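What follows is one structure encoded as structure tokens, with my remarks underneath.
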2 protein chains.
Amino acid sequence: MIQEAHPALAPERRDRIRILVREEGVTRVEDLRKNLNVSVATIRRDLEILEEEGKVKRVHGGAVSMESRLEESVFDDKTNQASKQKKRIAEDAYSLVGHEESVFLDGGSTTLFMARLLQQRTDVTVVTNSLRAVQELSDSGPRVIFTGGELRRISQTMVGPLSSAVLEQIRVDKAFMGTMGFCLKNGISTTDPNEAYVKRQIAEHASQVILLADSSKAEKVSFARVSDWDQVDILISDHDLPKDFVKTLRKRGIKVRLL
Amino acid sequence: MIQEAHPALAPERRDRIRILVREEGVTRVEDLRKNLNVSVATIRRDLEILEEEGKVKRVHGGAVSMESRLEESVFDDKTNQASKQKKRIAEDAYSLVGHEESVFLDGGSTTLFMARLLQQRTDVTVVTNSLRAVQELSDSGPRVIFTGGELRRISQTMVGPLSSAVLEQIRVDKAFMGTMGFCLKNGISTTDPNEAYVKRQIAEHASQVILLADSSKAEKVSFARVSDWDQVDILISDHDLPKDFVKTLRKRGIKVRLL
DNA sequence: ATCAAAATCAATCTAAATCGATCAAAATGA
DNA sequence: TCATTTTGATCGATTTAGATTGATTTTGAT
């Protein structure tokens, strides 16, 4: 086996693959092989792992990124474990929506599943800054209030100061929020400061804040800080969440629902 | 089997097909084949899959897009004379959009054609309260500012007091407005008072108001009054507009462009 | 309306690319 | 050193794409 001077460590290589795939949208195995100077077998093994992690979707000849953009496939991908988890969380969250309540729906795939469930309801009011959520509800369903603002294409959400203009004028019973990461020490965080700002503002205008996040987001910290745990009333996650993590949160008075 | 240097991955190719079909409204198999450099058999197989996914509808000789629900009614209908007229008007209106300008796009099918044209531009800012326009521009294109508000399902626009909260904070160089009816005596009118209110507000915040309306709307009066003619700077319509109608408007200082 | 020619389609088959499983070689860490 | 993990190579199995052929649909002329 011939190795180059600086053989990348496995996780490092996988991260490079993930980024390459994300940047291209889709990438073929052969291109990755040439790029990383390893055998196709290695690439395949890496892709297999990345698929389990929900980062990419494997297709014949290569892989499609599941991060950002083209992930219209979140719905299609029924086999994906991560996707199933999100769906379960969304269903549980939906069960919390009471009669004639008003709710806020954040961007992200978990809340998108919720939007789909809310299609059946006509007694509630849904406030959202997620373009996809609005699309789900644009034919029929509840009353829909959309926060305006500037379109952030990567997340398909509306952000920025103009969103605030609308948000300042409303209150909701329950805010269902997604997140990119949450940890005990630093609270909740996401990638974009503008989005973080919108989330923070919503949290302030909601009677109850419900965080939807599968365990893969645990102990991860993103660039933009959203809020501390004292803003959160309920966390809905899954059983892979570390026990002491759950314990600590409950001690702080946060209801934790594990699915 | 002969392969070229960079054969597109199957999902990538299908996505390109989906987009090509969406952009054209309807596309023939043969055109897709030439575009993508694959055999017709492959195109057919792809269309079969896209049809299962509900993205396109297959017809003899090609496929029709099922996305952007408007295709069904408006884009589809290439033979429809009214539709052609609207497209011409939209193209003329688009030619008025200068470099780095900010424009407002109203709801309605004519402005939707404009949205489609604006997809290519990245130097402008588009403000709109039309959900469909945002959908057109959600993948790529100019900066998009969406007015928030309550979703009015029938027109797929955002209306109500919350829209105002955003509109009050912005100004545009040009506002492109559709209408349900316009007549010399009563000015411009539309069906819904909420929408009329939004239009009025936009007109006040635009340096130039450009009315897009084919001649079928002439001398029609709808329920909700939008504004008088003195608000309008340019009218783009077609040659079927009565001559004295044009004359009177020009006398009042309104530029009239007939196509 | 009817028919025939042309175009398009669906089904089948073949070749090529890709994949998954397995095993051997290499690297890693105790 | 030896055990463990990681990587690379091989080979039969699977998937995909292109070509062919007969069936179906559309078109245009009567």
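Heavy-atom basis, side chains included; hydrogens, waters and symmetry copies ignored. Just so we're clear, the structure is a prediction, and the values are computed from it rather than from any experiment. Here is how names work: the chains are called A, B, and so on, in the same order as the sequence lines, proteins then strands, and each is numbered from 1.
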In this structure, how many angstroms lie between the [atom2] atom of [N] and the [atom1] atom of [X], rounded?
X       : N      : atom1 : atom2 : answer
B:Arg58 : C:dC9  : CZ    : P     : 7 Å
A:Leu36 : D:dT7  : CG    : P     : 12 Å
A:Arg28 : D:dA17 : CZ    : C1'   : 12 Å
B:Asp46 : D:dA17 : CG    : P     : 7 Å
B:Arg14 : D:dT16 : CZ    : C1'   : 10 Å
A:Leu32 : D:dG8  : CG    : P     : 14 Å
B:Glu12 : D:dA17 : CD    : C1'   : 16 Å
B:Leu9  : C:dT18 : CG    : C1'   : 11 Å

Please convert DNA chain C into dot-bracket. A pair counts if it is Watson-Crick or G-U wobble with both distances under 3.5 Å; crossing pairs go in [ ] and bases paired with another strand get |. ||||||||||||||||||||||||||||||
Contact class for [X] vs. all strands (heavy atom < 4.0 Å): base, sugar-phosphate, or nothing?
X       : answer
A:Val29 : sugar-phosphate
A:Val40 : nothing
B:Arg33 : nothing

Would you say [N] has OP1 or OP2 under 4.0 Å from some side-chain N or O of [X]?
X       : N      : value
A:Arg45 : C:dG20 : no
A:Arg44 : C:dA21 : no
A:Thr42 : D:dG8  : yes

Show the numbers, then the answer: is there a salt bridge (Lys or Arg N to Asp or Glu O under 4.0 Å) between A:Asp244 and A:Lys247? CA-CA 5 Å; A:Asp244 53 341; A:Lys247 225 173 181 176; over 6 Å; no
Measuring from the side chain of B:Ala41 (C-beta onward, heavy atoms only), which nucleotide among C:dT18, D:dG8, D:dG18 has the closest atom? D:dG18
B:His60 side-chain proximity, nearest of D:dG8, D:dT25, D:dT7: D:dT25
Checking B:Arg16 now: which residues fulfil salt bridge (Lys or Arg N to Asp or Glu O under 4.0 Å) with it, not counting sequence neighbours? none
Taking A:Asp238 first and then A:Arg88, would you say they form a salt bridge - that is, a charged N and a carboxylate O separated by under 4.0 Å? no
Let me spell it out: for each of A:Glu30 and A:Glu48, pick the nucleotide of DNA chain C with the closest heavy atom. Which residue's pick is nearer the 5' end? A:Glu30
How would you list, by chain and number, every residue that makes a side chain to side chain contact (heavy atoms under 4.5 Å, CB included) with A:Val40, sequence neighbours excluded? A:Val29, A:Glu30, A:Arg33, A:Arg44
Any A:Met114 side-chain heavy atom under 4.5 Å of A:Val97 side chain: yes
Is a side-chain donor or acceptor of B:Arg153 paired with a backbone partner of A:Leu137 at a separation under 3.5 angstrom? yes
For A:Glu24, look at atom CD and say whether over 12 heavy atoms of other residues, nucleotides or ligands are found less than 6.0 Å away. no
